[in-house]
There are 4 protein chains.
Amino acid sequence: MKNTFGQSVSVTIFGESHGEAIGVVLDGLAPGIPVDRDLIDAQLTLRRPAGRISTARQEPDHYQIVSGAFEGHTTGTPLTIVIPNTQTRSKDYAATRALARPGHADYTAHAKYHGFEDYRGGGHFSGRITAGLVAAGAVALTALRGKGIDLGTHIARCGGVADRPFGDLAQDLAALRTMPFAVLDEAAGAAMQAKIEAAANEGDSVGGILETAVTGMPVGVGEPWFDTLEGVLAHALFSIPAVKGVQFGGGFDMVDDPGSVYNDAMHMEDGRVVLDTDHNGGINGGITNGAPIWFRLAVKPTPSIYKPQRTVDFLKGEDAVLQIQGRHDPAIIHRARVVADSVTALVLCDVLAGRFGTDWLAPEAP
Amino acid sequence: MKNTFGQSVSVTIFGESHGEAIGVVLDGLAPGIPVDRDLIDAQLTLRRPAGRISTARQEPDHYQIVSGAFEGHTTGTPLTIVIPNTQTRSKDYAATRALARPGHADYTAHAKYHGFEDYRGGGHFSGRITAGLVAAGAVALTALRGKGIDLGTHIARCGGVADRPFGDLAQDLAALRTMPFAVLDEAAGAAMQAKIEAAANEGDSVGGILETAVTGMPVGVGEPWFDTLEGVLAHALFSIPAVKGVQFGGGFDMVDDPGSVYNDAMHMEDGRVVLDTDHNGGINGGITNGAPIWFRLAVKPTPSIYKPQRTVDFLKGEDAVLQIQGRHDPAIIHRARVVADSVTALVLCDVLAGRFGTDWLAPEAP
Amino acid sequence: MKNTFGQSVSVTIFGESHGEAIGVVLDGLAPGIPVDRDLIDAQLTLRRPAGRISTARQEPDHYQIVSGAFEGHTTGTPLTIVIPNTQTRSKDYAATRALARPGHADYTAHAKYHGFEDYRGGGHFSGRITAGLVAAGAVALTALRGKGIDLGTHIARCGGVADRPFGDLAQDLAALRTMPFAVLDEAAGAAMQAKIEAAANEGDSVGGILETAVTGMPVGVGEPWFDTLEGVLAHALFSIPAVKGVQFGGGFDMVDDPGSVYNDAMHMEDGRVVLDTDHNGGINGGITNGAPIWFRLAVKPTPSIYKPQRTVDFLKGEDAVLQIQGRHDPAIIHRARVVADSVTALVLCDVLAGRFGTDWLAPEAP
Amino acid sequence: MKNTFGQSVSVTIFGESHGEAIGVVLDGLAPGIPVDRDLIDAQLTLRRPAGRISTARQEPDHYQIVSGAFEGHTTGTPLTIVIPNTQTRSKDYAATRALARPGHADYTAHAKYHGFEDYRGGGHFSGRITAGLVAAGAVALTALRGKGIDLGTHIARCGGVADRPFGDLAQDLAALRTMPFAVLDEAAGAAMQAKIEAAANEGDSVGGILETAVTGMPVGVGEPWFDTLEGVLAHALFSIPAVKGVQFGGGFDMVDDPGSVYNDAMHMEDGRVVLDTDHNGGINGGITNGAPIWFRLAVKPTPSIYKPQRTVDFLKGEDAVLQIQGRHDPAIIHRARVVADSVTALVLCDVLAGRFGTDWLAPEAP
């Protein structure tokens, strides 16, 4: 499989940045889940660039649901969403097609596709493809929320500025839902945006860390080996452009202190097992333990910068200097967070349907 | 799939810590690869506990290759290696089976398997299962080396002590091959081992960071979405017990500086594209770029500690205090490094066979 | 996986008979394969109903390639073809939606999708969905022919009338390519069509047998167990609506005579191993032997008949009598044959790319 | 995947006819299913050769369950069964290894494995490998019966003699369970065995048709496309050595009569939908309809015959005449029937666990 992910619930993405359309096929989701166009719109809006901290390319994302929804609900058969590309400017790319943009996939795409790749604007490698993930993810999110599972992501760090950590998750997730620049601490968010603008002014870019939390997951979901919940989530999350690291719970921050600090003690509460702390990110032995799942994504700084860069012309086989033109984001982390939510929702739907059956996600499973 | 990983080359693991045997089925590997028993033995030895920094349980790992090898080479059909368990002590576990060890999978296993799990010594969740991965990984490693691909892992950090970074990879990988405690800087290694012993003396444990490098990978291997090389590797690497984070190249260390610092500039060298730096870990857009692949694994401190811990008896539904008995490792990072090598080798064989065909890994592909 | 098939080359189908559009995503096919719109058109025309022996619903099949083709060739990334539905008549179906058509999937769809299924014209179960397979199959066929592999299907039997068997395969396959009613013996074809018309006049339907041949396959493709070439082909071929049996080579016709009759003797010819006969359909032990692959599909008579039928109203839970209205085919075998070709081509591309690598199907593999 | 089949419940087989051992890993089956050694023994006995109608090689099949069973039940983790080979006679094969046995996989194995295949007694292609399927299938059968699902296979045809069709399924399945030569009509069975002996006396072999029935399957299981229940079953069933055709319900016998004959009318009975007839084999649109599933397998005559045969020496590239030595079966259909039951049981467990969740097959799903 290449552009398809998931066993029980699967998602297939397609499209190129400057082709006819991009889109997504979401298959295997239970029948009867409301297809909430307002939520799809809202999620696509969160992904869309806005203001000086984003690219000037503005796609309206007028999507079309061409299959799989009937009378306002999922049918259980493939839900297909097609999003036409309208703001294409192919000319931007033809002249410099063989100048590999450092940090981008131009050279690796050429090595893999032997010159037949659609090179315009990154083609199939473009972050634009994530719009399909976001549209499908909105339906997955509706399914999860129907079962009492919620999730959300904030910008934990950007341009060297840290947001406050997650606190009361119900409140924090609710607050993040419609926030264009998703932070828990408003002042931190303002400082981050100032850093992005400063980088943009210098023709440079910034990265950061996204942090996602999931509440309400049943205990006992995941596998001890290979299909550990960490492994399956990470597999998909590394598809988010610029993500170069994934850690669960304390992750790399747990490596220096002894085990007595990070073992999550347990106690009984109202007849349920409850963890005192959550250093393991809600997962032990690859399987959910009932505590919130949380993980962090390392988002490298956007590789599209306007500073001159040493590179090669891979068709001529010559050294070259590249001065990137066109419309680019000085940061994508604020746009990537809804992609993180979407990918997480899609993976969790897959894992849950595999564990509890294909009807389980339906609001009132028969 | 649960205990099987890989499409073109797949690995299936089985067994429990105190059952009859553990083992592995390696399927799809090209015919004609030498089955090097010395290497299998050597790799199993690197995984085996040794000295005061490891558990006292000593398994001889007298394995049996029951299928798939004929006249010293792989046949191309399933290679099965069975490793009997001999040093089992079931009694250690029966009394405390319902006392969930914090940081372990006892409680999640119970939630998933409803009391039918083999609870002795972690059962199927035990790190002992990784011996099968190491045995199969040795054959995968032989296949890769036959194609000029090498790899190795060192303990980049342990107990707060840092090893020196990778330098000359050919030399460093050669040096690491047979080193029982795999570090590049001998003094750092000694300091780490002192930290482990100190933790052991306090009934506590330590974690750290493993760092793996791969040389010689062809350009153009991996997929832009979902089956990114990062995603596929991470998927499998999270199966290594105690791994809670995976990052490629700079990973979480790239989040604060601007893109101009981390874009890997390129130049031509002897007609080949060469990267000036390798912050992206040899992968752009999910696909190899010809630079060495490198990644880091966050290994949390071993959860088996001898200090009393608050927990629950999940059968009685009562709070409890646990005082762990038995034989345990104060650190597993030095033993986990050969597991990291093995998992990496297995995944790379799968990816390469999928990309270039099932015969490609044979020494002299016909 | 549900609506996705294939590992190395995969195909995902979507759509409903009376929804917005149907379509297909073809992923993993090598870059550089010509996207031949004339062939796609020609193949879709072969699938389209024509004359008195087919339904009166006429869809123009004006398809749109929305991704994966660039400058006339495959890019190697997902090729997506969307075919809008235009001749929809939803009213035909609303009144009788709960009257299960015998031999159709209405009742099973309801049992699976709990009333959320799009019931109009069979919804996602409609034979119309095969148009996507045909469009994608045309590209797969181009890839195969570029490697010297050809295939074709004739109506071996229909309404009790037998076509002549395959003879000179090069000639026969060439003759079948553009034949609307694909038979090797013209007179047999005329007799078959007369049988179909006679059945149509009685409000009834007929079935038959399709026979497919493949030439030029390399030796050594397939697996001994599970992914036998027979098994993988059959898996996909049973998706063709009304197919209820698949046999390779002599199949059910070999069960009464002794082994000495059906063992295909071998001899050398120009340094190559050649089989004297081909009772095994080109496959031994699941693997190609160099002889042509050939297989037969049992196509049951179309279940949509106009005679009154006893059935149930599954919403009311009452017995009922059904008198089918609407536009239906008295036979689909002549339209199904291009679907058989398409499914076969798609499966072979997958199997070949898995065996020889993802670039192998490109006309001039680099 | 090569020697692994199934998504939710998967089975991996390994071994060679004259290697150390053969075996199977059964993964994903629900925890808590009784591991009934008596049933495993009984099923292995049904597969074992007996009397003049079978090979003289007698393997005791003293198997060892090395993982996945604990205190008499499945644990939910991989159940591994190893069956040592004891009656190996490698010498039988060395001299003639390059003489391709017509109808066998010697030549195709060589083309695929390039001479590294274990050629002794068919190696990994040997019917002996099916013993692993039978052992795992016995556990799958226990799981199904615990949910009220039963199945069985009879020899519907052999050497030109027909058994009576299935009648009262509860009675017929019960009668078949322990019958060494599984027929519904004793006289037909005697006639078949006489035919087999006659063929054996002439150094020849016979084939036939196996017919399997499944009762108690829930309605609504299967997929409309690709993973149709027919497709998934056929995929696995073609792994049974010598099977060259699979048909569901009427299959190839439905091709000549009109649809009005084969549409299964429906009526209500005690509030349930019941089919009047079962020409569709319990499956419509790829999904179970509540009627018994039934299908037929075409078993070609055993290719190992003692008559001289024209063939090639594929190492020398010369024509040759082969006179097979060693121990062989003049018919395998009576031994293959328990393999058909086992493969069917394994596939159904996979499909049911995927549909209803991984716990569903447990006797008292929690």
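Throughout, protein chains are lettered first and strands after them, A, B, ... in sequence-line order, and every chain is numbered starting at 1.
- Scanning all heavy atoms of the two residues, the minimum distance from A:Gly285 to B:Ala105 falls at CA-CB, 3.8 Å.
- Taking both residues in full, the closest heavy atoms of A:Pro102 and B:Asp264 are given as CB-O, 3.4 Å, listed atom of the first, atom of the second, then distance.
- Residue contact with chain B, scored on non-hydrogen atoms closer than 4.5 Å, involves the backbone of A:Leu297 exclusively.
- In this structure, the side chain of B:Asp256 does not engage the main chain of A:Gly159 through any donor-acceptor pair within 3.5 Å.
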Does the pair A:Met268 and B:Val312 meet the rule for a side-chain contact (heavy atoms from CB on, under 4.5 Å), with working shown?
-> CA-CA 7 Å; A:Met268 298 303 299; B:Val312 298; 3.7 Å; yes
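- Contact check for A:Val299 versus B:Val255: no side-chain heavy atoms found under the 4.5 Å cut-off.
- Interface check for chain B: of the options A:Ile209, A:Val221, A:Asp204, A:Ile13, the most heavy-atom pairs under 4.5 Å are formed by A:Asp204.
- For B:Arg157, the part lying under 4.5 angstrom from a heavy atom of chain A is the side chain only.
- Proximity to chain A (any heavy atom under 4.5 Å) is shown, for B:Lys2, by both the backbone and the side chain.
- Contact count against chain B (heavy-atom pairs under 4.5 Å) is highest for A:His235 among A:Glu318, A:His235, A:Arg272.
- At a 4.5 Å heavy-atom cutoff, the contact between B:Ala100 and chain A is made by backbone and side-chain atoms alike.
- Both the backbone and the side chain of B:Glu230 come within contact range of chain A, judged by heavy atoms closer than 4.5 Å.
- Heavy-atom pairs under 4.5 Å with chain B peak, among A:Met254, A:Arg101, A:His279, A:His110, at A:Met254.
- When heavy atoms are compared at a cutoff of 4.5 Å, A:Tyr262 approaches chain B solely by way of its side chain, counted from C-beta outward.
- By number of non-hydrogen pairs under 4.5 angstrom with chain B, the leading residue of A:Pro301, A:Gly354, A:Ala242 is A:Pro301.
- In this structure, the separation between CE on B:Met266 and CG on A:Asp106 is 7.5 Å, given to the nearest 0.5 Å.
- Of the two parts of B:Ser8, neither the backbone nor the side chain holds a non-hydrogen atom closer than 4.5 Å to a non-hydrogen atom of chain A.
- Contact count versus chain A (heavy atoms, under 4.5 Å) is highest, among B:Ile129, B:Thr288, B:Thr302, B:Asp253, for B:Ile129.
- In this structure the side chain of A:Ser260 reaches within 4.5 angstrom of the side chain of B:Ile305, judged on heavy atoms.
- Between the side chain of A:Asp227 and the backbone N or O of B:Asn3 there is no donor-acceptor pair closer than 3.5 Å.
- Contact count against chain A (heavy-atom pairs under 4.5 Å) is highest for B:Pro303 among B:Pro303, B:Gly271, B:Ala234, B:Gly286.
- Under the 3.5 Å distance criterion, with hydrogens and angles disregarded, no donor-acceptor pair is assigned to the side chains of B:Asn289 and A:Thr108.
- For the set A:Thr228, A:Leu275, A:Val246, the entry with the most heavy-atom pairs within less than 4.5 Å of chain B is A:Val246.
- Looking only at side-chain heavy atoms (C-beta outward), A:His267 and B:Arg310 come within less than 4.5 Å of each other.
- Between chain A and the residues B:Gly103, B:Gly220, B:Gly207, B:Ser239, the most heavy-atom pairs under 4.5 angstrom are made by B:Ser239.
- Counting heavy-atom pairs closer than 4.5 Å to chain A, the top-ranked of the candidates B:Thr4, B:Val161, B:Val206, B:Leu233 is B:Thr4.
- B:Phe125 touches chain A through backbone and side chain together, each having a heavy atom under 4.5 Å away.
- Proximity to chain A is limited to the side chain of B:Arg355, based on heavy atoms less than 4.5 angstrom apart.
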Test side-chain contact (heavy atoms from CB on, under 4.5 Å) applied to B:Phe248 and A:Phe238, step by step = CA-CA 10 Å; B:Phe248 291 83; A:Phe238 272 112; 3.7 Å; yes
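- Atoms CD and CG, on B:Glu269 and A:Asp319 in that order, are 9.5 Å from each other to the nearest 0.5 Å.
- For the set A:Pro258, A:Ala265, A:Ala111, the entry with the most heavy-atom pairs within less than 4.5 Å of chain B is A:Pro258.
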side-chain contact (heavy atoms from CB on, under 4.5 Å) between A:His104 and B:Asn284: does it pass, once the steps are laid out?
-> CA-CA 6 Å; A:His104 270 289; B:Asn284 287 122; over 6 Å; no
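- Heavy atoms of B:Phe295 lying under 4.5 Å from chain A are absent altogether.
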side-chain contact (heavy atoms from CB on, under 4.5 Å) assessment of B:Lys244 paired with A:Phe252 = CA-CA 7 Å; B:Lys244 297 297 278 189; A:Phe252 284 95; over 6 Å; no
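- Separating the CG atom in B:Asp257 from the OG atom in A:Ser205 is a distance of 10.5 Å, to the nearest 0.5 Å.
- Tested against B:Trp225 for a side chain to side chain contact (heavy atoms under 4.5 Å, CB included), the candidates A:Thr130, A:Ile240, A:Val11, A:Thr12 yield a single pass: A:Thr130.
- Between B:His124 and A:Pro224 the shortest heavy-atom distance is CD2-CG, 3.8 Å.
- For the residue pair A:Lys300/B:Asn280, the side-chain donor-acceptor check at 3.5 Å is satisfied.
- At least one donor-acceptor pair under 3.5 Å links the side chain of B:Lys112 to the backbone N or O of A:Gly222.
- Per-residue counts of heavy-atom pairs under 4.5 Å with chain A were compared for B:Gly160, B:Gly122, B:Ser304; the largest is that of B:Gly160.
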